[in-house]
Amino acid sequence: MTEDPDVVSRRIARESLDRDDPTGWFENLYAAAADGDAVVPWDRGTAHQLLTDWINEAEPDGTGKTALVVGAGTGWDAELVVDRGYDTTGFDISPSAIETAHRNHPDSKAHYLVADLFAPPADWHRAFDLVVEIYTVQALPIALQPQAIKQVTELVAPGGTLLVIAAARADDVPDEQVQGPPWPLTRAAIQSFTGPDLHLIQLDQSPSPADPSVLRWRAEYLRD
Ligand SMILES: C[S@@+](CC[C@H](N)C(=O)[O-])C[C@H]1O[C@@H](n2cnc3c(N)ncnc32)[C@H](O)[C@@H]1O
């Protein structure tokens, strides 16, 4: 009998984290999933509901504007963003995720490419009118999150919007008690996506439809 794909997914993550390789498991997981040997637990086959809600409420017009989807995975969120008219780029550290994004959306106008949030192309610095970050920071160990958050914020252009969607953690739950991945974000972590010229303009918390005990943040920021 073949192994349960969920078990395989968890083992792939654990092996990489135990080797002190906090991002290597993403490629291993997407590659195994492409071969049918694992499932990618967050791959919904559609855009995230909270991103869809934001798009429906804000009705952004992306004509003549640029958007960047961080840790874009197999592309479903980037497809929603490109449909609003943004010149959209989705990037991921995993080459197999990007290959799957190309396969899933062969006629897409979005650009999918391999890049590392910790070492992005220099010309991405404060370059995007809309930056969408869903579940990438929380997929990284807590010690790496402050740097990852800083990297995300440095992608937002003057006048640009940052949208962050993440699982929520109560502030009184200590780091040591969180057995990630994922490592959900505290309110303090969500507030730390700000800076002197990058302001938190809306913060919502809502239960996950799949499991109401899991709370998610939807945070919107605006750069002066
Ligand atoms: C939990 S998944 C979320 C994927 C997607 N945003 C979603 O919500 O379906 C985290 C994603 O971030 C990517 N990732 C992790 N570390 C990264 C890094 N340093 N640079 C770029 N992508 C990264 C992973 O490969 C993975 O696709």
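Just so you know, ligand 1 is whichever comes first in the structure, and atom 1 is the first atom listed for that ligand.
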Review point. Do Leu130 and Leu68 come within less than 4.5 Å of each other through their side chains, counting heavy atoms only?
Key: no
**Study point:** Side-chain touch Pro184/Val178, heavy atoms, less than 4.5 angstrom
**Key:**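 Pro184 reaches Val178 side chain to side chain.
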Check your understanding: Would His48 and Trp76 count as a ring-ring contact (aromatic ring centres under 6.0 Å, His included) if you check the C-alpha gap in whole Å, the side-chain angles of each, and the deciding distance to 0.1 Å?
Key -> CA-CA 8 Å; His48 195 290; Trp76 300 102; over 10 Å; no
Closest non-hydrogen protein atom to [atom], residue and atom name please, with distance?
{"atom": "atom 15 (C) of ligand 1", "answer": "Phe26 CE1, 3.3 Å"}
{"atom": "atom 10 (C) of ligand 1", "answer": "Tyr135 O, 3.7 Å"}
{"atom": "atom 8 (O) of ligand 1", "answer": "Arg44 NH2, 3.2 Å"}
{"atom": "atom 12 (O) of ligand 1", "answer": "Thr136 CG2, 3.4 Å"}
{"atom": "atom 25 (O) of ligand 1", "answer": "Asp92 OD1, 2.6 Å"}
{"atom": "atom 2 (S) of ligand 1", "answer": "Trp42 CE2, 3.2 Å"}

Review point. What do you reckon, does Trp76 put a non-hydrogen atom under 4.0 Å from ligand 1?
Key: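 No.
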Exercise for review: Mark the output for Ala148 as yes if a heavy-atom distance to ligand 1 is under 4.0 Å, and as no if none is.
Suggested key: no
[X] to ligand 1: N or O pair under 3.5 Å?
{"X": "Gly71", "result": "yes"}
{"X": "Leu117", "result": "yes"}
{"X": "Ala72", "result": "no"}
{"X": "Thr23", "result": "no"}

Can you confirm whether the side chains of [X] and [Y] place a donor and an acceptor under 3.5 Å from each other?
{"X": "Asp43", "Y": "Thr74", "result": "yes"}
{"X": "Asp61", "Y": "Thr63", "result": "yes"}
{"X": "Gln49", "Y": "Thr52", "result": "no"}
{"X": "Trp54", "Y": "Glu220", "result": "yes"}

Exercise for review: Give the single entry among Ile93, Asp116, Ile98 that approaches atom 14 (N) of ligand 1 most closely by any heavy atom.
Suggested key: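 Nearest heavy atom to atom 14 (N) of ligand 1 lies in Ile93.
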Review point. Got a salt bridge between Arg44 and Asp77, using NZ or NE/NH1/NH2 to carboxylate O under 4.0 Å?
Key: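 Looking at Asp77 together with Arg44, the answer is yes, because their closest N to O distance falls below 4.0 Å.
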In terms of atom number and element, which parts of ligand 1 are under 4.0 angstrom from non-hydrogen atoms of [X]?
{"X": "Ala115", "result": "20 (N), 21 (C)"}
{"X": "Ile134", "result": "3 (C), 5 (C), 6 (N), 8 (O)"}
{"X": "Gly73", "result": "27 (O)"}

Practice item. Answer with side chain, backbone, both or neither: which part of Pro181 has a heavy atom less than 4.0 angstrom from an atom of ligand 1? Key: neither
Check your understanding: What is the minimum heavy-atom distance between Ile98 and Gly90, and which atoms define it?
Key -> CD1-O, 4.2 Å
Check your understanding: What are the two closest heavy atoms between Val114 and Pro95, and how far apart are they?
Key ->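 In terms of heavy atoms, the two residues are closest at CG2-CA, 3.7 Å.
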Exercise for review: Show the numbers, then the answer: is there a salt bridge (Lys or Arg N to Asp or Glu O under 4.0 Å) between Arg216 and Asp211?
Suggested key: CA-CA 11 Å; Arg216 294 102 33 99; Asp211 178 356; over 6 Å; no
